[in-house]
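A short write-up of the structure that comes next.
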Amino acid sequence: QVQLVESGGGLVQAGGSLRLTCVASERTFSSATMAWFRQSPGKEREIIAHISRSGAVTYYADFMKGRFTISRNNAKNTVVLQMLSLKPEDTAVYYCAGRWRLRGSSEALLNINAYDYWGQGTQVTVSS
C-alpha cells in the first residue's frame, strides 16, 4: 500500500510563497504520474498540476496563471509544488495524488478518479 504524505502548508500573507512537498513510501515512485489538487470549503476538489513519470511533461490549471511550479525528484520519492504570489483565494487544503496505472491521457488526468493514492492534505491559508 502506497502512502503519500504532504508537508509545507501553513499561514502566509498575500504575496508570499510556500513550498509543498509530498513524499511517497514506494520504491516504484518513478512509475507513477503525480498531481497536486486543492479543495476549498464548499467547493469540489480541483486539479492544480500534474507531472509525468520522468518529470519532462507537466500540466497546469489556468487559475494559477504561472504562479505555481510542479517538480519531482524520483531519487527521493518526492513531488513538490512551489507556490509564489499567493492570494487569499488560494486558501485550501492541498493534496498530492499518484497514479500507478497505464499512462493516462491529459484529459483523464484532470479528474480525481484517475489517481490511485492520496495524501491526507496540508492546509494553506493566505491572509489578505
*What closest approach, in Å, do Ala114 and Ala108 show between heavy atoms, and which atom pair accounts for it?*
CB-O, 3.3 Å
*asked:* Could you measure the distance from the CZ atom of Arg67 to the OG atom of Ser17? Nearest 0.5 Å is fine.
replied: 10.0 Å
*Atom NZ in Lys87, atom OG in Ser85: separation rounded to 0.5 Å?*
6.5 Å
*Look at atom CD of Glu46 and say whether more than 12 heavy atoms of other residues, nucleotides or ligands are closer to it than 6.0 Å.*
yes
*Just how far is it from atom OG of Ser31 to atom CZ of Arg103, taken to the nearest 0.5 Å?*
11.0 Å
*Should the pair Arg45 and Tyr95 be classed as cation-pi, given the thresholds of under 6.0 Å to the six-membered ring centre and 45° from the axis?*
yes
*Does Leu81 sit in a hydrophobic cluster with other residues, and if so which ones, taking ILVMFWY side chains as linked at heavy-atom separations under 4.5 Å, directly or through other members?*
Val2, Leu4, Val12, Leu18, Leu20, Phe29, Met34, Trp36, Ile48, Ile51, Tyr60, Phe63, Met64, Phe68, Ile70, Val79, Met83, Leu86, Tyr94, Trp100, Tyr117, Val124, Val126
*State, with a plain yes or no, whether a side-chain heavy atom of Leu110 is found less than 4.5 Å away from one of His50.*
yes
*Might you point out which heavy atoms bring Tyr115 and Leu109 nearest each other, and give the distance in Å?*
OH-O, 2.7 Å
*Is the side chain of Ser40 donor-acceptor paired with the backbone N or O of Lys43 at a distance under 3.5 Å, no angle test?*
no
*Work out which heavy atom in Phe37 is nearest to a heavy atom in Ala35; give both atom names and the distance.*
CE1-CB, 3.8 Å
*Can you name the residues that form a salt bridge (charged side-chain N to carboxylate O under 4.0 Å, His left out) with Arg72, not counting sequence neighbours?*
none
_Backbone of Val23 reached by a side-chain donor or acceptor of Asn77 within 3.5 Å_ = no
_Less than 3.5 Å apart, any donor N or O on the side chain of Thr28 or Glu26 sitting next to an acceptor on the other?_
yes
*Measure the OG-CZ distance between Ser52 and Arg99 for me, rounded to the nearest 0.5 Å.*
13.5 Å
*State, yes or no, whether a side-chain contact exists between Ser71 and Gln82 at a heavy-atom distance under 4.5 Å.*
no
*Thr91 vs Gln123 side-chain heavy atoms within contact, under 4.5 Å*: yes
*What do you reckon, is CD of Gln3 surrounded by more than 12 foreign heavy atoms closer than 6.0 Å?*
no
*asked:* Clusters formed by hydrophobic residues whose side-chain heavy atoms approach within less than 4.5 Å: which one holds Leu102, and what are its other members?
replied: none
*Taking all non-hydrogen atoms of both residues into account, name the closest pair between Ser128 and Ala14 and its distance.*
CA-CB, 4.4 Å
*Hey, could you give me the CZ/OG1 distance between Arg38 and Thr122, rounded to the nearest 0.5 Å?*
14.0 Å
*Please round to the nearest 0.5 Å and tell me the distance separating atom CD of Glu6 and atom SG of Cys22.*
5.5 Å
